[in-house]
**Student:** 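First, the structure itself, so that you have it in front of you.
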Amino acid sequence: MAQANDKPANDKVTSGGFTKTPGWLDWYTGPTKPRFQLPAGSVDAHCHVFGPGDKFPYAPERKYTPCDASWQQLFALRDHLGFERNVIVQATCHGSDNSAMVDALKNAQGKARGVATVKRSVSDAELQAMHAAGVRGVRFNFVKRLVDFTPKDELMEIAARIAPLGWHVVIYFEAVDLPELWDFFTALPTTVVVDHMGRPDVSKPIDGPEFELFLKFMRQHPNVWSKVSCPERLSTTGPRALGGEQAAYRDVVPFARKVVEEFSDRVLWGTDWPHPNLKDHMPDDGLLVDFIPHIATTAQLQQKLLVDNPMRLYWKD
Ligand code: 0GY
């Protein structure tokens, strides 16, 4: 049965003279070995590295200071959980300095791809160098507590520049903001990948207007994909299962299952390690993996979610 993390959640360091944000929860030491056996070649398609701060200082404009989380620690987790590859997404605490993420890619022996954050001042040579290191996308963030917004004309200019590289755009936003962002998102010229299903409020009905709008977004726009990740961020019922076949984070299950089943060729899954900004509990990553068969209920859906889709998007060249 899934349990919450009862181990200390503040036992990690932040090097380089930085001080963790008060109340910061550190990533989990000694995660469980998942009971669910991942298909061969599975990709953890949403995770981050933080610092370490003494080597890759956190950005002055950051909204939080995390504990360090290195590529060595990420790749150890990958191997422990049974993943083959990672997609490392630039975290906002590093702003548009992608060097920690790119350093991780260069040390991954081809087993990691990246998603960067760039400004309009990025040069073509810098984009080419990132491509050579394994970057395949840029992330546009619309979550107010994480970033000061970049003007939409600048983002559109960036999208036009990365499109010829075959890259895509990852978008992070809250469900309530989708109506206002709709025109911008639907004008993007690339594949568009939504983080965490557009952060639905899972205490609202699954057939209510908010989640219906998200489904319409995916139905009407075949270039839109979704990560069905982060039940630990979305859940109000939390990690404790009720027993039997009940899942942890059970209130998220119908939302994620709906997206997996209707858009099986356009979904991705990731751990979100090292789980920035969680306030309530730090998930055991092994138990997060055990959530997967509750939302992708057949071997065929699991193969698409964990292997075929991320390989098509990130390892096509
Ligand atoms: C996530 C979620 C969060 C943070 C970031 O880059 C980030 O700082 O993505 C969040 O706080 O919701 O996907 O890691």
Side-chain angles (χ1 to χ4, degrees), residues 9 14 18 20-28 43-51 53 56-69 71 73-74 77 86-102 104 112-119 135 137-150 155 168-178 192-202 225-236 249 252 256 267-283 285 288 291 310:
T14 303
F18 293 97
K20 281 183 246 183
T21 297
W24 183 263
L25 296 184
D26 293 348
W27 48 274
Y28 188 88
V43 182
D44 176 353
H46 185 92
C47 50
H48 312 283
V49 287
F50 296 153
F56 301 107
Y58 298 107
E61 71 272 25
R62 70 192 181 280
K63 305 288 186 197
Y64 63 86
T65 307
C67 65
D68 292 340
W71 59 260
Q73 291 161 327
L74 174 63
L77 179 75
N86 297 99
V87 179
I88 307 176
V89 178
Q90 172 74 354
T92 58
C93 57
H94 281 295
S96 58
D97 176 354
N98 294 285
S99 34
M101 184 270 291
V102 167
R113 296 290 199 230
V115 174
T117 297
V118 301
K119 295 189 167 154
V135 172
V138 289
R139 191 183 198 202
F140 295 167
N141 200 317
F142 301 90
V143 178
K144 296 175 187 72
R145 69 186 161 76
L146 289 173
V147 286
D148 298 323
F149 293 166
T150 305
L155 295 177
H168 60 273
V169 174
V170 173
I171 52 176
Y172 191 22
F173 62 93
E174 312 258 3
V176 289
D177 297 321
L178 181 55
V192 173
V193 180
V194 179
D195 277 341
H196 322 325
M197 299 184 286
R199 292 199 62 120
D201 179 345
V202 299
W225 294 42
S226 179
K227 294 177 198 166
V228 288
S229 41
C230 279
E232 72 286 1
R233 280 187 196 285
L234 305 176
S235 179
T236 58
Y249 311 114
V252 183
V267 282
L268 302 167
W269 192 88
T271 55
D272 193 34
W273 187 90
H275 310 287
N277 300 314
L278 290 182
K279 300 278 182 258
D280 173 49
H281 73 287
M282 182 51 58
D285 296 278
L288 274 183
F291 181 75

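Note that these values count all heavy atoms, side chains included, but never hydrogens, waters or copies made by symmetry. Both ligands and their constituent atoms are indexed starting at 1 by order of listing.
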**Student:** Kindly give the heavy-atom pair with the smallest separation between Val228 and Trp269, and that separation in Å.
**Tutor:**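 Answer, listing the atom of Val228 first, then Trp269: O-CD1, 3.4 Å.
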**Student:** Within this structure, what is the NE2-OG1 distance for the pair His46 and Thr271, rounded to the nearest 0.5 Å?
**Tutor:**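 Rounded to the nearest 0.5 Å, the NE2-OG1 separation comes to 8.0 Å.
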**Student:** Ignoring hydrogens and geometry, is there a side-chain-to-backbone donor-acceptor pair from Trp71 to Val102 under 3.5 Å?
**Tutor:**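 No: the side chain of Trp71 does not pair with the backbone of Val102.
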**Student:** Could you pull out every N or O of ligand 1 that sits under 3.5 Å from a protein N or O, with the distance for each pair?
**Tutor:**
unit_1   : atom_1 : unit_2 : atom_2 : d
ligand 1 : 6 (O)  : Thr92  : N      : 2.8
ligand 1 : 6 (O)  : Arg139 : NH1    : 2.9
ligand 1 : 8 (O)  : Tyr64  : OH     : 2.5
ligand 1 : 8 (O)  : Thr92  : N      : 3.3
ligand 1 : 8 (O)  : Thr92  : OG1    : 2.6
ligand 1 : 9 (O)  : Arg139 : NH1    : 2.9
ligand 1 : 9 (O)  : Arg139 : NH2    : 2.9
ligand 1 : 11 (O) : Arg145 : NH1    : 2.8
ligand 1 : 11 (O) : Arg145 : NH2    : 3.4
ligand 1 : 11 (O) : Asn277 : ND2    : 2.8
ligand 1 : 12 (O) : Arg145 : NH2    : 2.7
ligand 1 : 12 (O) : Tyr172 : OH     : 2.6
ligand 1 : 12 (O) : Arg233 : NH1    : 3.4
ligand 1 : 13 (O) : His46  : NE2    : 2.8
ligand 1 : 13 (O) : Arg139 : NH2    : 3.4
ligand 1 : 13 (O) : His196 : NE2    : 2.7
ligand 1 : 13 (O) : Asp272 : OD1    : 3.3
ligand 1 : 14 (O) : His48  : NE2    : 2.6
ligand 1 : 14 (O) : Asp272 : OD1    : 2.8

**Student:** Thinking salt bridges, do Lys227 and Asp272 make one under a 4.0 Å N-O criterion?
**Tutor:**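 No salt bridge links Lys227 with Asp272.
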**Student:** Give me the atom names and distance for the closest heavy-atom approach of Lys20 to Trp24.
**Tutor:**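 That closest heavy-atom pairing would be CD-CD1, 3.7 Å.
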**Student:** Side-chain donor-acceptor pair under 3.5 Å between Arg199 and Tyr172, yes or no?
**Tutor:**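 Note: Arg199 and Tyr172 side chains meet the donor-acceptor criterion.
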